Structure formats: C-alpha cells, structure tokens
There are 2 protein chains.
Amino acid sequence: MINLDYKDKRPIYEQISDKLKELMVIGAFPENTRLPSVRSLAVDLSINPNTIQRAYAELERQGYVYSIKGKGSFVAETEKLRDLKVDEIKERLIEALDNAKKIGMSDEEIMKVVKNRR
Amino acid sequence: MINLDYKDKRPIYEQISDKLKELMVIGAFPENTRLPSVRSLAVDLSINPNTIQRAYAELERQGYVYSIKGKGSFVAETEKLRDLKVDEIKERLIEALDNAKKIGMSDEEIMKVVKNRR
DNA sequence: CCGCTGTATTAAGTATACTAATACAGCAGA
DNA sequence: TCTGCTGTATTAGTATACTTAATACAGCGG
C-alpha cells in the first residue's frame with residue numbers, strides 16, 4: 001500500500017503522510033475509517049514507530065485525521081479532506097502563476113502549459 | 001539590492017542565487033554585465049565568501065552566468081536566461097496541475113484559479 | 001610585481017531534520 | 001482487574017546540510 005523510497009530526499013514521514021492523504025482524498029479510506037495503528041504500520045514498513053507517529057501527527061495537525069488515545073487514528077470527513085487538499089494544490093498553483101507573472105510570461109504562454117495538461 | 005532573511009528556512013546561498021536570477025531575468029543586469037565579485041559581495045552582505053561562491057557556482061551550473069578566472073562572473077545571454085527561468089516555472093506549474101488532476105479537480109476549478117491570477 | 005579576480009581544499013562549528021529507545025496514559029475485552 | 005492494544009511525550013543519538021574559516025592556487029591586467 002505504501003512504498004518507501006530511501007533514495008528520495010523527502011523524509012520518510014512525509015512520504016507516508018502524503019501517500020495517506022492521497023489515498024484518503026481519492027476515497028480509498030472512507031471517512032471515520034481507522035488507520036493502521038502506529039505500531040502495526042511500523043512493523044509493516046520495517047521502520048520505527050516514532051516515524052509513523054510523526055506522519056500521523058502531521059496529518060492530524062493539518063486536519064486530515066483525528067486521533068483518540070487508546071482507540072486509534074481515524075479519517076476525517078470526506079468533504080473536509082478534499083477541501084484541505086484542494087487548498088494545498090491551489091497554493092502551489094498560485095505560487096507558480098505569480099512567478100510566471102513576475103518574469104513577464106504572457107497569458108498565452110501560461111495558458112499553453114495549462115491546456116497541455118488537461 | 002539583496003536582502004537576506006535569516007528567519008527563512010531556505011539557505012542563504014539559495015536566497016542569493018534566486019534573487020540574482022530574478023534581477024537578471026527582469027533585465028536589471030543586462031547580458032555580459034559583471035556581477036559583484038565574490039569577496040566584495042561577501043563584505044556587502046556580511047557573510048562568508050564561500051557562501052557567495054556557492055551561489056555563483058550554482059548559477060553557473062544552471063547556465064545563468066559564466067565565470068572567468070581573474071576577471072569575474074558575467075550575466076549570460078538575455079534570451080537564454082529567460083528560457084531557463086521559464087522552464088523552471090513551467091515545471092512547477094505542471095507539477096501543480098498534475099496534482100490537481102490526480103485528486104480529480106475539474107477543469108473549471110483549475111481555470112478559476114488561473115484566471116484569478118492574471 | 002601587485003592587487004584584483006575566480007576556484008579548490010580542508011576543517012570546524014552549528015543547526016536542523018530524522019530516527020530510535022523508552023516510558024507514560026487511555027481504552028476495551030477477557 | 002489484568003492484559004494487550006491504542007496514541008503520546010520525552011530524551012537521546014545520528015546524519016546531513018549549511019555556514020564559516022583559513023589557506024592556497026591560478027589567471028588577468030595595470
């Protein structure tokens with residue numbers, strides 16, 4: 001389900017949280033589904049539980065999951081999930097567009113890229 | 001000309017090379033202009049010359065400047081500069097667009113962001 | 001020759017990110 | 001209540017990136 005890439009410069013916890021985000025947003029985990037426990041996922045991936053904990057803490061901080069001590073970590077409401085992810089993507093899109101504007105790229109030049117990608 | 005932000009998480013050498021890229025691309029430094037010397041810029045910014053050297057080496061590696069031992073570092077051809085920067089921006093734009101597609105954002109949703117930014 | 005350029009090397013210090021080990025705290029079923 | 005699972009907090013070790021420093025070499029030009 002989750003593939004770690006140790007050659008990737010991104011930290012492991014981020015690879016995990018990003019992958020989980022994606023799975024949740026596309027609906028692979030319905031809302032309120034319990035995620036694998038910190039320790040079991042650690043065993044599955046052969047890494048330290050703290051790294052999983054960090055990934056989960058990040059997901060909770062950002063609002064993707066909610067955690068209950070003694071019970072587990074659970075997927076937040078589907079609608080909220082998507083909104084969060086959309087906001088993330090919009091932000092990066094806006095950054096790129098602003099940079100394009102800053103160096104004087106024309107609307108045509110920008111639109112050409114956009115249209116080629118849909 | 002260059003403002004360093006020590007609160008920024010980006011390394012200093014990157015802040016410098018990025019700022020110089022921008023200045024060169026918008027034409028603040030015409031092509032073949034000599035950049036400040038490694039040592040003089042280091043004094044201006046009150047940092048170690050090695051950090052400037054790293055910024056310049058990065059710029060040269062990426063093709064934004066060319067350096068001549070004993071003479072200085074010089075701005076590459078204007079056209080080349082812009083192409084390099086455009087390629088960088090396009091790459092980020094494409095990444096963002098692909099992510100948008102991955103989570104199922106509609107064309108309308110994407111276009112709304114794009115239009116609001118021009 | 002002298003004083004400026006860029007460049008290379010080596011070392012050290014520092015900060016930060018990442019991972020690990022361990023202990024604590026809450027929940028629920030046997 | 002005990003046991004075994006959950007999440008969470010604390011602390012420490014490790015690795016890596018970044019920056020600084022000191023020094024040396026090499027090329028250019030007045």
Side-chain angles (χ1 to χ4, degrees), chain A residues 1-21 23-24 29 31-76, chain B residues 1-21 24 29-76:
Chain A
M1 187 159 63
I2 297 180
N3 279 318
L4 298 181
D5 178 6
Y6 289 96
K7 280 165 289 180
D8 196 330
K9 59 278 162 208
R10 294 186 322 159
I12 295 176
Y13 78 88
E14 193 178 312
Q15 291 183 42
I16 294 169
S17 64
D18 277 0
K19 185 62 181 175
L20 288 176
K21 274 186 201 176
L23 289 170
M24 293 186 287
F29 295 149
E31 66 186 37
N32 298 318
T33 302
R34 213 198 79 185
L35 293 178
S37 81
V38 167
R39 289 170 181 81
S40 70
L41 187 52
V43 171
D44 280 2
L45 299 178
S46 305
I47 61 176
N48 192 283
N50 280 341
T51 304
I52 307 293
Q53 166 58 20
R54 172 136 190 207
Y56 280 16
E58 197 61 21
L59 288 174
E60 183 168 30
R61 192 185 64 78
Q62 294 176 21
Y64 286 86
V65 308
Y66 60 95
S67 300
I68 302 175
K69 220 185 264 187
K71 299 192 72 176
S73 297
F74 305 86
V75 178
Chain B
M1 188 157 63
I2 296 180
N3 279 319
L4 298 181
D5 178 6
Y6 289 96
K7 281 164 287 182
D8 196 329
K9 57 280 163 208
R10 295 185 321 160
I12 296 176
Y13 77 88
E14 194 179 310
Q15 291 183 42
I16 294 169
S17 63
D18 278 359
K19 185 62 183 176
L20 288 176
K21 275 186 199 177
M24 290 186 290
F29 295 147
E31 67 185 40
N32 298 318
T33 303
R34 214 199 80 186
L35 293 180
S37 80
V38 167
R39 290 171 179 80
S40 69
L41 187 52
V43 171
D44 281 359
L45 299 180
S46 304
I47 60 177
N48 192 282
N50 282 341
T51 304
I52 306 292
Q53 167 58 20
R54 172 137 187 206
Y56 280 17
E58 197 61 22
L59 288 173
E60 184 168 31
R61 192 186 62 79
Q62 294 175 23
Y64 286 86
V65 309
Y66 60 95
S67 300
I68 303 174
K69 222 184 266 188
K71 299 192 73 178
S73 296
F74 304 87
V75 178

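All chains are named by letter (A, B, ...) in the order of the sequence lines, taking the proteins before the strands, and each is independently numbered beginning at 1. Just so you know, these numbers come straight off a predicted model, no measurement behind them.
For residues 43-54 of chain A, the set of pairs meeting the side-chain hydrogen bond (donor to acceptor under 3.5 Å, both in side chains) definition, not counting sequence neighbours, comprises Tyr13(A)-Arg54(A).
Taking only side-chain nitrogens and oxygens, Gln53(B) comes nearer than 4.0 Å to OP1 or OP2 of dT7(C). OP1 or OP2 of dT5(C) lies within a sub-4.0 Å distance of a side-chain N or O belonging to Ser37(B).
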Check your understanding: Which letters describe nucleotides 13-28 of chain C, given B = protein heavy atom under 4.0 Å from base, S = only from sugar-phosphate, - = neither?
Key -> -----SSBB-B--BSS
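Partners of Arg39(B) by side-chain contact (heavy atoms from CB on, under 4.5 Å), not counting sequence neighbours, listed by chain and number: Ser37(B). Residues passing the side-chain contact (heavy atoms from CB on, under 4.5 Å) test with Phe74(A), sequence neighbours excluded: Arg34(A), Tyr66(A), Ile68(A), Lys71(A). Looking at residues two or more places apart in sequence or on another chain, you find no side-chain contact (heavy atoms from CB on, under 4.5 Å) involving Lys69(B). For Asp8(B), the salt bridge (charged side-chain N to carboxylate O under 4.0 Å, His left out) test picks out Arg10(B), with sequence neighbours left out.
In this structure, Gln15(B) places its CD atom 12 Å from C1' of dC18(D), rounding to the nearest Å. Atom-to-atom, CG of Asp8(B) to C1' of dT19(D) comes out at 15 Å; the value is rounded to the nearest Å. We find that CG of Leu35(B) is positioned 9 Å from P of dG6(C), with the value rounded to whole Å. Rounding to whole angstrom units, NZ of residue Lys7(B) and C1' of dC18(D) are separated by 19 Å. One atom, CZ of Arg61(A), and another, P of dT8(D), lie 14 Å apart when rounded to the nearest Å. Look at OH on Tyr66(A): it is 13 Å from P on dT8(D), rounded to the nearest Å.
Within the 3.5 Å criterion, the main-chain N or O of Ser67(A) finds a donor-acceptor partner in the side chain of Glu60(A).
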